[in-house]
Number of protein chains: 2
Amino acid sequence: MTKRRRRGSQRVTMGEVARLANVSPSTVSLYLRRPDEVSPGRAEKIQAAIDRLGYLPNTMAGGLASSRSNVIGVLVPTITNSFFSETLETLERHLRSAGYQLLIGNTEFDDAREEELIRSILSWNPAGLVLTGFLHTRKSLSVLANNDTPIVEMWDYGQPGLDMVVGFSHHACGRLVAEHILQQGRRRMAFVSTNFQRDVRARDRYHGFRDTVEAAGGTVELRELSGRSHAEETGRLTHALMQDHPEIEAIACSNDMVALGVLCECQRQAWDVPGRIALAGFGNLDFTTSTVPPLTTIEPPRREIGQHTARLLLASLASKLPEAEKRLDLGVRLVERESV
Amino acid sequence: MTKRRRRGSQRVTMGEVARLANVSPSTVSLYLRRPDEVSPGRAEKIQAAIDRLGYLPNTMAGGLASSRSNVIGVLVPTITNSFFSETLETLERHLRSAGYQLLIGNTEFDDAREEELIRSILSWNPAGLVLTGFLHTRKSLSVLANNDTPIVEMWDYGQPGLDMVVGFSHHACGRLVAEHILQQGRRRMAFVSTNFQRDVRARDRYHGFRDTVEAAGGTVELRELSGRSHAEETGRLTHALMQDHPEIEAIACSNDMVALGVLCECQRQAWDVPGRIALAGFGNLDFTTSTVPPLTTIEPPRREIGQHTARLLLASLASKLPEAEKRLDLGVRLVERESV
DNA sequence: GCCTAAAATCGTAGCGCTACGAATAGACAC
DNA sequence: GTGTCTATTCGTAGCGCTACGATTTTAGGC
C-alpha cells in the first residue's frame with residue numbers, strides 16, 4: 001500500500017523479475033549481460049518473467065554500477081544541414097549496432113556553446129566523443145585534457161588534433177575548384193559564401209580557392225551572405241556583384257544551395273551558364289545532377305566520415321587502434337558536370 | 001597508490017570537492033542544486049574547489065539517486081530531412097534551455113526500429129518522449145501504456161493520440177493544393193511522391209489531393225519514386241509520365257525537392273511552367289522563392305512544431321497542462337507563387 | 001556411492017549522488 | 001547570559017544495478 005504506488009514512472013526492478021523467476025537478482029543481471037552463462041532452464045524462466053512484467057533495465061543504474069556508459073557524444077555545428085545530418089545518420093547506424101547511444105549536441109557554430117555542451121556531455125561519462133573540426137576554446141581543451149575519453153575530430157583534416165581525426169582538407173576543395181576553372185582560361189572570379197564569419201570550413205575553402213587563383217594571376221571578389229543561405233538574398237547579391245564587376249567570368253560558391261541561388265538568378269537574367277559565367281558549388285547535393293545545366297561541384301565524403309569515425313572509435317574503445325591509424329584523410333573529388 | 005590510478009576515465013567525485021572545500025558532501029550537493037541555500041562563504045569555497053579540481057557531476061549517479069532524469073527522447077523518421085531537423089533544432093534549443101538533454105533516435109520509417117528505439121530510450125527513464133506521428137506497433141503501444149511518461153506525438157493531427165499531439169493535417173495539405181489547381185480550371189493531374197510506401201504523411205497528402213480532385217471530376221495519376229528523392233530519377237519519371245499522359249496539366253509533388261526535379265525536367269524539355277504544366281510542392285524550402293518560376297508550395301510549421309512540442313512537454317512536466325490544451329493543430333498555409 | 005572439477009548461482013559491497021530528518025550555528029529579544 | 005527561532009550544515013540510507021569472490025549444484029570418473 002505504501003510501496004506499491006510509487007512516485008511517477010518508476011518501473012519494475014530487476015529484483016521483481018528475479019522473485020518472479022525464482023532466482024537471485026545476480027542471475028537476472030548475468031542473464032541480461034551474458035545469457036549463455038545461465039542454464040537454459042533458468043534463462044527461459046527469467047525471460048518469461050521479463051516479458052510478463054515488461055521489465056526494462058535501468059540504464060543509469062547499470063552505468064553507475066559498471067562505471068562505464070554506452071553513450072557517445074557528438075557535437076555538430078548544426079543538424080539542419082545535409083552534410084552533418086548524413087554523417088550523423090551513418091554514425092548513428094554504425095554505433096547503435098555496436099550497442100551505443102548517441103547524445104547529439106548542436107553547437108550552432110558557437111565556441112562558447114560547444115564548451116558548455118562538452119561539459120554537459122562529459123557529465124554523462126561517455127565512452128567516446130565526436131567533435132566537428134579543430135576549433136575549441138582554451139577551456140574546452142583543458143576539460144578534454146583532464147579526460148581520457150577517446151575523441152574523434154571529424155570533417156576536417158590538416159591539424160594535429162586531440163586524438164583521432166577523420167576528414168578532408170577544405171583548403172584542397174577550394175584549390176580543386178580553382179584549378180578546374182583556371183584550366184578553362186578564366187581569371188576573373190568571385191566566391192559567394194554563406195555563414196562566412198562563423199564557418200571555418202567555408203573560410204578554408206575560400207582561402208584555398210583564392211590562393212590558387214591569385215597564384216595564377218587571377219582575381220577573386222568575395223561576397224558574404226548574412227547567416228544561412230537565403231535564396232532571394234543570393235539572387236540580389238549575385239545581381240549586384242555582376243553589376244559592379246561585369247568582368248567576372250566564374251563564380252565559386254561555398255555550397256550547392258548557394259550555387260542554386262546563383263544559377264536561378266542567371267536563368268532569370270538570361271546569363272548563359274557556363275558561356276557567360278562558369279559556376280561551381282560544394283557538396284554534390286542530389287539536385288545538382290538535374291539543374292540546367294547540371295552543376296559542377298565537390299563531393300565531400302559525408303557518409304564515409306560517419307562510417308570511419310565509428311570504426312576508429314570502436315577500435316579505440318577495444319584498444320586496438322595503432323597510433324599510425326588515428327588520422328584519416330578521406331580526400332575529396334571534383335564532380336565535373338556542365339556548369340564549368 | 002592503490003586507489004589513485006583508477007580504471008579509465010574515472011573522474012573527480014563530489015566527496016573530493018567536499019574535502020577540499022572543508023564541507024560535507026551534502027553541502028556540495030546542495031550548492032549544486034540550490035546554490036542560494038548555502039552561505040556565501042562556503043559557496044565561494046565550494047566553487048573554488050570545483051574549479052580547481054575540474055569537477056563535473058556524474059549525471060548517472062544523480063539520475064539514479066533522484067530517480068528522475070533530464071533526458072527527453074525524440075524519435076524522428078530521419079534527421080536527414082530539413083523538415084524534421086528544423087523541428088529538432090528548435091525543440092533542442094527550447095528544451096535545453098530548460099535543462100533537458102535530447103536523446104535522438106532515427107526510426108528510418110521503420111516500425112520495428114521505432115519499437116526498439118522506444119525501449120532503448122525508456123531504459124533511460126526519460127522525463128518525456130516525443131514521437132513522430134500516430135503509427136506505432138502494438139508492442140510499442142503496450143510498452144508505452146505501462147509507463148506514465150508524458151508523450152507528444154508531433155507532425156500529424158487528426159487521430160486521438162496517446163497523450164499530447166502537436167501537428168497539422170496532411171490530408172488538408174493535399175486538399176489545399178488540389179483546390180488551388182482546380183480553381184484554374186485544370187482537371188488532369190498527377191501526383192509524384194517519394195518514399196510513398198513508408199511515409200504515411202506523404203500518403204495522406206496524396207489522399208487529400210486525390211479525393212479533392214476526383215470529387216471535382218478530375219483525375220490523378222500517381223507516380224512513386226523509389227526511396228528518397230533522386231533528382232535524375234525524378235526527371236526520367238516525369239518524362240515518362242508526360243509521354244504516357246500528354247493530357248496532364250498539373251503535377252503536385254510530395255515535397256519541394258521532388259518539385260525541383262520535375263521543374264528541371266520541364267526546363268530541359270522547354271515545357272512552360274505554369275503555361276503547359278502547373279507545378280506545386282510541399283515544404284516551402286528556401287530555394288522555392290528563386291526558381292524560375294518560383295514554386296507554389298505548402299508551408300508546414302516546422303519550427304512551430306518544435307516550439308509548441310517543447311512548451312506542452314514542459315507544461316506537462318510541471319503538471320499544469322489542462323486536458324483541453326493537449327492537442328494542437330498548427331494548420332498549414334498555401335504559399336501561392338508563380339508555378340500554379 | 002564418493003570425490004573432484006567445472007558450471008551455475010548467489011550474496012555482498014559498492015558505483016556517486018540525492019533526499020530528508022537530525023544536529024548545529026547564528027541572530028535576536030529579553 | 002539565556003532561550004527561541006531560523007538559517008545552515010551534516011549523516012544516513014538508499015536509488016537499481018554490476019563485479020566478484022563464495023557457495024552450491026552438476027557431471028563424470030572410478
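These numbers come from the heavy atoms of this one structure, side chains and all, not from hydrogens, waters or symmetry mates. Naming convention: chains lettered A, B, ... in sequence-line order (proteins, then strands); numbering from 1 in each chain.
With respect to the salt-bridge test (charged N to carboxylate O, under 4.0 angstrom), the residues B:Arg113 and A:Glu92 qualify. A salt bridge between B:Arg119 and B:Glu116 is absent, with no side-chain N of the basic residue lying under 4.0 Å from a carboxylate O of the acidic one.
As judged by a 4.0 angstrom heavy-atom cut-off over every strand, A:Arg68 is placed among residues touching the sugar-phosphate backbone only. A:Tyr55 comes within 4.0 angstrom of sugar-phosphate atoms only, judged by non-hydrogen atoms across all strands, and of no base.
When distances run from any side-chain atom of A:Thr27 to the nucleotides C:dT18, C:dT9, D:dC10, the shortest one goes to C:dT9. Counting only heavy atoms from C-beta on, B:Val23 has its side chain closest to D:dC10 among C:dT18, D:dC10, D:dC17.
You won't find any donor-acceptor pair under 3.5 Å spanning the side chain of B:Ser24 and the base of D:dG11, going by distance alone. Side chain B:Thr13 to base C:dG16: no donor-acceptor pair is found below 3.5 Å.
Residues B:Ala61 and B:Leu30 both approach DNA chain D. Their nearest nucleotides, taken by heavy-atom distance, put B:Leu30 toward the 5′ side.
Against DNA chain D, the stretch residues 35-43 of chain A makes no heavy-atom approach under 4.0 Å.
Going from atom OG of B:Ser85 over to atom CG of A:Leu88 covers 10.0 Å, rounded to the nearest 0.5 Å.
Side-chain contact, B:Thr78 with A:Glu89: a donor N or O sits under 3.5 Å from an acceptor N or O.
Regarding B:Arg33, its CZ atom lies at a distance of 10 Å from the P atom of C:dC20, rounded to whole Å.
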